[in-house]
Every structure is written in structure tokens, then in C-alpha cells.
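Single-structure report; data block below.
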Amino acid sequence: MDSTTPVRIIGAGLAGCEAAWQCARRGVQVELFEMRPVRSTPAHHTADFAELVCSNSLKSSSENTAPWLLKEEMRRADSLLLEIARLTAVPAGHALAVDRALFAAQITDAVSNHPNITVRREEATAIDANALTIIATGPLTSEALSQEIARLVAPPLSVAPPLSSPSLAGQGGGVPSSHLYFYDSISPIVEADSIDRSRVYMAARYDKGSADYINCPMTREEYDRFYDALLSAQPVEEKDWEKLNYFESCLPIEEIARRGRDTLRFGPMKPVGLIDPRSGQRPYAVVQLRQENLRADSYNIVGFQNHLRFPEQARVFRLIPGMENARFLRYGQIHRNTYINAPTLLGPTLQMKTHPRIMFAGQISGVEGYVESIATGLLAGMNAVMLARGNDPLPPPRETAFGSLVNYITASESKNFQPANITFDLLLPLENRIRDRAERHKAQCDRALKALDAWLAEYEPQLERKSATSERIPAQRLGEKF
Ligand SMILES: Cc1cc2nc3c(=O)[nH]c(=O)nc-3n(C[C@H](O)[C@H](O)[C@H](O)COP(=O)(O)OP(=O)(O)OC[C@H]3O[C@@H](n4cnc5c(N)ncnc54)[C@H](O)[C@@H]3O)c2cc1C
């Protein structure tokens with residue numbers, strides 16, 4: 001056994017599980033804290049690790065897209081969660097989507113049965129700044145720990161206060177300068193056999209990938225009727241703390257609709273590239289449904305996150321052609337999103353500048369999205385291995401998607417900092433600009449992967465990846481579940 005300092009990881013979500021695995025597989029002891037099921041969050045429904053709380057998609061698998069690049073870098077760095085995602089994938093055209101129950105079960109199994117990981121099913125409420133710790137408690141970090149983090153990062157740099165905090169009352173859409181948070185939303189899921197197949201068609205946009213999406217086409221009259229019903233639908237009772245900013249790339253559907261009668265037709269209901277094979281025509285608007293699980297017995301309504309009362313959701317969404325008798329397995333919701341002001345607090349190895357034994361990973365570190373959360377968990381895990389052995393971690397190269405994400409959260413303007421997904425905007429521009437977009441992206445991806453390979457070649461020996469304690473994922477055991 002490795003005689004290194006144990007690593008404390010708080011939160012067995014996407015980032016925490018990946019971080020734990022990266023440490024444990026290299027012989028570093030991990031103490032992993034997860035508060036569920038003792039205490040749950042408003043969005044999680046199970047006691048499983050790495051539960052996906054909304055969409056089941058890990059974004060595009062199309063080569064030379066930014067989400068693909070990030071996943072490719074994770075694959076090359078031996079990400080456990082990415083491998084399990086591939087093993088539990090469901091058909092989703094050019095996206096990597098998973099059966100969420102299998103995905104979480106496989107991860108729970110692999111992580112909790114690892115001999116180097118001790119799982120503590122309890123809420124962590126205190127942080128010892130001298131203990132090597134990765135905080136990966138996600139956007140729904142418990143109130144007690146939020147307060148502890150606020151203490152650790154000290155004003156004016158802190159996280160969201162508890163929802164009950166009177167300091168937010170009456171803010172009226174403003175974000176207090178010493179606290180950062182906003183609200184995200186989740187989209188509804190319906191039972192597959194409650195969809196009227198005679199009214200819908202299967203297709204992928206521009207026929208890209210296989211035709212895995214159910215498309216509900218709308219005429220102009222149907223769209224107008226739906227739009228009017230949506231605008232007049234009753235929202236969930238608004239509290240003062242809900243008058244805060246929504247995250248722009250995850251707006252509730254009714255909020256998008258309020259921006260103009262046609263805004264939805266240029267957003268989540270856009271019909272371009274979705275010709276109805278029965279008529280040969282492009283519908284006026286389209287609602288897309290994406291398969292939720294391998295059994296294909298449930299579908300989520302893509303982009304329909306909302307903040308409406310549940311009966312109102314049922315009433316309005318049943319106006320969508322094909323969904324007249326839809327049975328809802330889950331309704332849309334709004335939730336809290338807590339994250340730190342990373343540009344002020346973190347260095348390029350995800351260590352706190354003021355408390356270098358503490359690292360942040362996942363959504364709380366200022367990235368947005370499942371894959372980005374896993375990626376920062378992977379990096380924090382690798383870095384924790386180095387720190388546990390008394391060595392300095394090595395930040396990823398700026399050219400890579402890893403390096404670009406880290407650069408975004410640590411080197412952005414700290415004022416008005418908002419979490420971000422990986423995009424080409426975050427990647428380092430090419431020295432000689434290529435006009436053709438596809439060629440430019442390919443060149444950026446090629447450069448990133450070359451830099452990544454060189455970095456891994458330098459870093460891996462230092463991480464003792466090839467030591468006797470190093471492990472790969474037990475594929476056979478994972479495969480047995482299917
Ligand atoms: C409702 C909702 C919907 C979202 N939808 C999407 C989406 O569709 N697509 C997308 O890409 N991203 C989405 N996100 C954003 C983000 O990608 C996910 O939240 C993702 O799960 C973040 O990963 P994480 O590891 O940072 O946190 P999580 O996966 O949330 O893991 C954090 C873990 O920490 C535990 N925890 C919290 N506090 C404590 C404590 N004090 N002690 C011990 N354990 C604790 C929690 O129980 C949880 O298991 C959504 C976020 C939310 C909240």
C-alpha cells in the first residue's frame with residue numbers, strides 16, 4: 001500500500017467520483033463523503049453516486065466539436081466515468097447519452113468497492129484547511145457546507161448563502177457582490193407509450209447521426225395556441241430568492257417565450273433540418289423528445305426546462321401534437337446553483353490560492369455541465385495524487401480543452417464571473433487563422449490532442465500511473481450488468 005497522505009473528497013457526484021477514482025487507482029487512499037441518502041438535495045432522487053439530475057446527454061460525439069474534444073482528452077486520460085458512459089450509452093444520434101440508472105449504478109459499484117476508497121454516508125459540514133481536500137459538492141451544496149465554504153473563502157469572495165438568508169430578500173434580480181449564485185432548471189420526462197406515434201416522426205436534425213429523436217411537428221395554428229397557453233400558464237409561487245438571474249444557456253421555456261412570439265422557433269422549437277418525411281415539408285415548429293434509457297420507455301422534452309406549476313405543465317405540454325395523452329414521469333423544475341468566484345480563488349491546478357491543500361472540482365468550481373464537471377474532477381484527482389506524495393501538480397497545457405476550461409475559470413474577469421461549458425471560444429485561437437470553420441476547428445482539436453499527449457507523457461510517470469497499484473477499469477465486471 002502507498003504511504004501517502006489520504007485525500008478527503010466531499011461529494012460523490014460526477015466530479016467527486018472521478019477524482020476519487022483517479023486517486024484510488026494510483027494507490028492513494030481516499031475518504032469520500034456523500035450526504036445522500038441521509039440528507040438529499042432538491043434535485044437528486046436516489047442514493048446512487050453520480051446521479052444525472054436532468055438531461056441524460058453528455059453532449060456531442062461528433063469529431064472536432066468542442067464537447068467531443070473534451071471527452072477525447074478524458075478518454076486519453078483514462079476517465080472512469082466516460083468509460084462507464086460509453087458502456088451504458090443509449091441511442092441519441094450524434095450525442096453521447098446514457099441510461100441514467102445504469103450509469104449511476106455502475107459508478108457507485110466501481111467507486112464504493114474500491115479497496116482504497118472509504119465511503120462515508122454523511123454530510124460534511126466542516127473543512128480543515130490543512131487536510132488535503134477536494135470540494136466537489138456541486139450546485140446544490142448543502143446549506144451547512146455552503147456557510148463553511150463562505151467562511152473559508154471569506155468576504156468579499158464567497159459562495160451563495162443559504163436560501164433562507166435574509167441578505168437576499170428583496171434583491172429583485174440583482175446578485176449580491178460578495179455572493180455568487182443563480183438558478184438553473186430541469187426539463188420534464190414523459191412515458192414513451194403515452195406518445196401518439198401517428199402524430200410524430202423519428203429524425204435527427206439534418207439527418208446527422210441516426211434518427212433517434214421523436215419529433216412533434218406543429219402548424220402555425222398549433223404553435224400559436226401552445227404559445228398563448230404557455231405565456232398564460234401559472235408559475236410556481238415566486239419567492240424573493242427566486243428573483244435572481246437565470247443562467248442564459250438554460251433558460252426556462254416560458255422565459256424564452258416571453259422574449260417574443262418567434263423566439264422559441266429559433267431556440268428549442270426550431271424546425272430547421274427536421275423535414276417531416278410524411279409531408280416532405282418543414283413544420284412551422286418542432287418539439288423534440290430524446291430517449292432517456294436503454295429500454296426506451298421514457299423520453300425527455302428537449303429544452304423544456306421550466307418553472308411552471310405541475311398541473312399547468314401537464315395542461316400546456318399536452319397541447320403539443322402527439323403528447324395529448326402524455327404521462328409525465330417528472331416535471332420541469334428550477335434549482336439553485338452554487339459556485340465560487342474561481343478567478344479570484346483558484347490557481348491553474350484547482351488549488352485555492354490562500355489554502356493550497358484545498359481544491360475545488362465540478363460545478364462548484366465554476367464550470368458548467370456534466371462533462372466539464374467530470375473533467376475537473378479528473379484533473380483535481382490527478383493533482384491530489386501529486387500533493388499526497390509531496391510533489392507539485394502540473395497544470396494542463398493551455399492548448400487543450402482541459403487547459404482551456406481551467407484557464408476560463410481561473411483567468412476570467414472575476415467581476416460578473418459565470419460558469420461556462422466547453423466551447424471553441426474558450427480554446428486558444430490559432431496563430432494563423434483558418435477561414436473555413438470546420439477546418440479551423442479540426443486544426444484546434446489536432447493541436448489540443450498533440451499537446452495533451454505530450455502533457456500526459458510527462459505527467460503520467462510522475463503520477464506513477466504505471467506502478468503496480470495503477471489500475472484500469474474492470475470492464476468485465478461492468479459488462480456483467482448488461
Ligand atoms: C437540477 C439541475 C439540472 C442540471 N441539468 C444539467 C443538464 O441537463 N446537463 C448538464 O450538462 N448539466 C446539468 N446541470 C449542471 C451540472 O452539470 C450537474 O449539476 C452536475 O451533476 C455537476 O456535477 P458535480 O459533480 O459538480 O455535482 P453533483 O453531481 O451534484 O455532485 C455533488 C454531490 O455532493 C453531495 N453533497 C452536497 N453537499 C454535501 C455535503 N455537505 N456533504 C457531503 N455530500 C454533499 C451531493 O449529494 C451530490 O451527490 C444541472 C444541475 C442541476 C442542479
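Note that this is a predicted model, so its numbers are computed, not measured.
- Looking at every heavy atom in both residues, Ala326 comes nearest to Val190 through CB-CG1, 4.1 Å.
- Other residues, nucleotides and ligands contribute more than 12 heavy atoms inside 6.0 Å of the CZ atom of Arg315.
- Using a 3.5 Å distance cut-off with no hydrogens or angles, the side chains of Ser55 and Arg290 do pair a donor with an acceptor.
- Residue Arg447 places its CZ atom among more than 12 non-hydrogen atoms of other residues, nucleotides or ligands, all under 6.0 Å distant.
- Under a 3.5 Å cut-off, the side chain of Asn215 and the backbone N or O of Tyr201 do form a donor-acceptor pair.
- Under the 4.5 Å side-chain criterion, counting only non-hydrogen atoms from C-beta, Glu372 is in contact with Asn421.
- Counting all heavy atoms, side chain and backbone alike, Val272 lies closest to Arg205 at O-NH1, 2.9 Å.
- When all heavy atoms of Phe304 and Ser187 are compared, the pair lying nearest together is C-CB, 3.6 Å.
- Under a 4.0 Å N-O distance rule, the pair Glu73/Arg76 does not qualify as a salt bridge.
- Without hydrogens or angle criteria, Arg440 side chain to Arg435 main chain gives a donor-acceptor distance under 3.5 Å.
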Evaluate the salt bridge (Lys or Arg N to Asp or Glu O under 4.0 Å) criterion for residues Glu72 and Arg75: first the C-alpha distance (whole Å), next the side-chain angles of each, then the deciding distance (0.1 Å), finally the verdict. CA-CA 5 Å; Glu72 179 59 19; Arg75 189 188 67 76; 2.7 Å; yes
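- Within the 4.5 Å cutoff, the side chain of Leu80 has no heavy atoms near those of the Cys17 side chain.
- Between the side chains of Asn300 and Glu292, at least one donor N or O lies within less than 3.5 Å of an accepting N or O.
- Every salt bridge (charged side-chain N to carboxylate O under 4.0 Å, His left out) that Asp276 has, sequence neighbours left out, goes to Arg278.
- Side chains of Leu251 and Arg259 form a contact here, defined as non-hydrogen atoms less than 4.5 Å apart.
- Counting heavy atoms from C-beta outward, Val406 and Leu346 have side chains that stay 4.5 Å or more apart.
- At a threshold of 4.5 Å between non-hydrogen side-chain atoms, the residues Leu70 and Phe402 count as touching.
- Between the side chain of Lys442 and the main chain of Glu63, no donor-acceptor pair closer than 3.5 Å is present.
- When atom types are taken as modelled, the side chain of Ser62 and the backbone of Thr65 share no donor-acceptor pair closer than 3.5 angstrom.
- Taking 4.0 Å as the cut-off between side-chain N and carboxylate O, Arg225 and Glu221 do not count as a salt-bridged pair.
- Counting heavy atoms from C-beta on, the side chains of Leu289 and Met323 come closer than 4.5 Å.
- Sorted by first and then second residue, the salt bridge (Lys or Arg N to Asp or Glu O under 4.0 Å) pairs with a member in residues 316-327 read Glu191-Arg327, Asp193-Arg327, Arg199-Glu324; sequence neighbours excluded.
- A parallel orientation is assigned to the rings of Phe424 and His441, their planes being inclined by less than 30° (bins at 30° and 60°).
- A salt bridge links Arg261 and Asp228; the closest N-O separation between the charged side-chain nitrogens and carboxylate oxygens is under 4.0 Å.
- Looking at every heavy atom in both residues, Leu81 comes nearest to Phe103 through O-CE1, 3.5 Å.
- Considering only heavy atoms from C-beta on, Ile340 stays 4.5 Å or farther from Ile135 through its side chain.
- Nearest heavy atoms, Asn341 versus Ser414: ND2-O, 3.4 Å.
- Scanning all heavy atoms of the two residues, the minimum distance from Thr141 to Thr137 falls at OG1-OG1, 2.8 Å.
- Sorted by first and then second residue, the salt bridge (Lys or Arg N to Asp or Glu O under 4.0 Å) pairs with a member in residues 46-60 read Arg36-Glu51; sequence neighbours excluded.
- Remark: side-chain polar atoms of Ser365 are paired, donor with acceptor, to backbone N or O of Gly362 under 3.5 angstrom.
- Checked by atom type, the side-chain pair Gln22/Glu18 shows a donor-acceptor distance below 3.5 Å.
- Put simply, the side chain of Val371 reaches to within 4.5 Å of the side chain of Lys71, judged on heavy atoms.
- Using a 4.0 Å cut-off between charged nitrogen and carboxylate oxygen, Arg258 and Glu255 count as a salt-bridge pair.
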